[in-house]
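What follows is a short report on a single structure.
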Amino acid sequence: ENRTTLKPLVTQVWPQFTADATFCSSFADVLVERVELYKTARRVVLCLRSAEPLDQALCGRLCASLEPVFEGYELSLQNYFNYRSLTPDAARLLVEELKQQGLPVNGFLDKAPITVGEDGLVLHVAAGREILECVHFPQRLAELIQQRTGVLPVVRMAGSQNSVRPEEFA
């Protein structure tokens, strides 16, 4: 038996947002993949699927507007999107997510340029490359990108033009 599960659009689940033209046009084709509720952690994760990475300012507005609905819970959002639309900014947001999960990135990637190609991405780091490799950062980022896009990219690290040698820290 072939069953198709239809997922609702954000604007169908929370119709109050249709009054805002900017929000409505940005979220018109965004599906609510699922809502995860973690009672003991007092956390709610909204999992949304879109063709392209979502605008972070509008995601912040969505979370702020839904806080009363999920009162007493910390609200966050996970965006699932097409790999071909992965941008350096979207990759940087995933890096931030890994930081929030406790991965010791220590600011090594804060201003590091990110190059996105068809087969993967390159993080241009000035310092901390050995530490990042030691904690398997490239693999963890690749796995998170696969979770969100369905594609497992190759994540490489390269020294940037203004690399800092360890002896320069002394």
Side-chain angles (χ1 to χ4, degrees), residues 1-116 120-121 123 132 135-153 155:
E1 172 183 332
N2 285 342
R3 286 183 37 184
T4 302
T5 303
L6 298 176
K7 296 182 175 63
L9 296 168
V10 168
T11 52
Q12 291 172 316
V13 177
W14 297 291
Q16 66 268 33
F17 296 117
T18 57
D20 181 328
T22 302
F23 184 90
C24 194
S25 66
S26 296
F27 284 87
D29 296 322
V30 178
L31 297 172
V32 178
E33 185 77 19
R34 66 187 175 280
V35 176
E36 299 173 353
L37 175 67
Y38 301 95
K39 287 183 177 182
T40 54
R42 310 281 308 153
R43 215 167 54 99
V44 172
V45 180
L46 303 176
C47 301
L48 306 180
R49 182 167 300 281
S50 57
E52 297 181 354
L54 295 171
D55 177 272
Q56 288 307 294
L58 287 174
C59 288
R61 281 183 50 203
L62 174 64
C63 285
S65 299
L66 290 174
E67 280 180 359
V69 175
F70 299 103
E71 191 173 343
Y73 287 83
E74 176 190 336
L75 190 58
S76 64
L77 192 141
Q78 290 183 351
N79 184 201
Y80 296 80
F81 52 90
N82 187 320
Y83 178 78
R84 287 188 302 275
S85 63
L86 180 68
T87 63
D89 287 338
R92 193 168 307 289
L93 289 171
L94 295 173
V95 167
E96 285 301 315
E97 200 171 307
L98 289 172
K99 273 190 201 179
Q100 291 171 2
Q101 292 174 11
L103 206 61
V105 178
N106 299 341
F108 294 132
L109 299 171
D110 286 352
K111 295 185 194 257
I114 298 174
T115 306
V116 178
L121 45 125
L123 305 168
L132 293 169
V135 298
H136 308 287
F137 181 79
Q139 178 184 351
R140 300 273 302 274
L141 180 58
E143 289 168 352
L144 183 57
I145 291 170
Q146 180 183 32
Q147 177 191 2
R148 299 298 171 78
T149 68
V151 173
L152 180 64
V155 175

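Both backbone and side-chain heavy atoms feed into the values below; hydrogens, waters and symmetry mates do not.
- Considering every non-hydrogen atom in both Leu94 and Leu144, the closest pair reads O-CD2, 3.6 Å.
- Formation of a donor-acceptor pair under 3.5 Å by the Glu143 side chain with backbone atoms of Arg140 is not found in this model.
- A donor-acceptor pair under 3.5 Å is formed between the side chain of Ser85 and the backbone N or O of Asn82.
- Closest non-hydrogen pair, Phe27 versus Thr11, comes out as O-CG2, 4.1 Å.
- With 3.5 Å as the limit, one finds no donor-acceptor pair spanning the side chains of Gln100 and Glu96.
- The residues Arg92 and Glu97 are annotated as not salt-bridged, no charged nitrogen and carboxylate oxygen being separated by less than 4.0 angstrom.
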Residue pair Ile145, Leu86: steps toward the side-chain contact (heavy atoms from CB on, under 4.5 Å) verdict: CA-CA 9 Å; Ile145 291 170; Leu86 180 68; 4.2 Å; yes
Side-chain atoms of residues 45-54: list all donor-acceptor pairs with protein atoms under 3.5 Å, sequence neighbours left out, distances to 0.1 Å.
unit_1: Arg49; atom_1: NE; unit_2: Glu33; atom_2: OE1; d: 2.9
unit_1: Ser50; atom_1: OG; unit_2: Glu52; atom_2: O; d: 2.5
unit_1: Ser50; atom_1: OG; unit_2: Asn79; atom_2: ND2; d: 3.0

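- Shortest non-hydrogen contact noted between Pro88 and Val116 is N-CG2, 3.8 Å.
- Looking at residues two or more places apart in sequence or on another chain, you find no ring-ring contact (aromatic ring centres under 6.0 Å, His included) involving Tyr80.
- Ion pairing between Glu36 and Arg34 holds under the 4.0 Å rule for side-chain N and carboxylate O.
- One finds no salt bridge joining Arg61 and Asp55 here, because no Lys/Arg side-chain nitrogen approaches an Asp/Glu carboxylate oxygen to under 4.0 Å.
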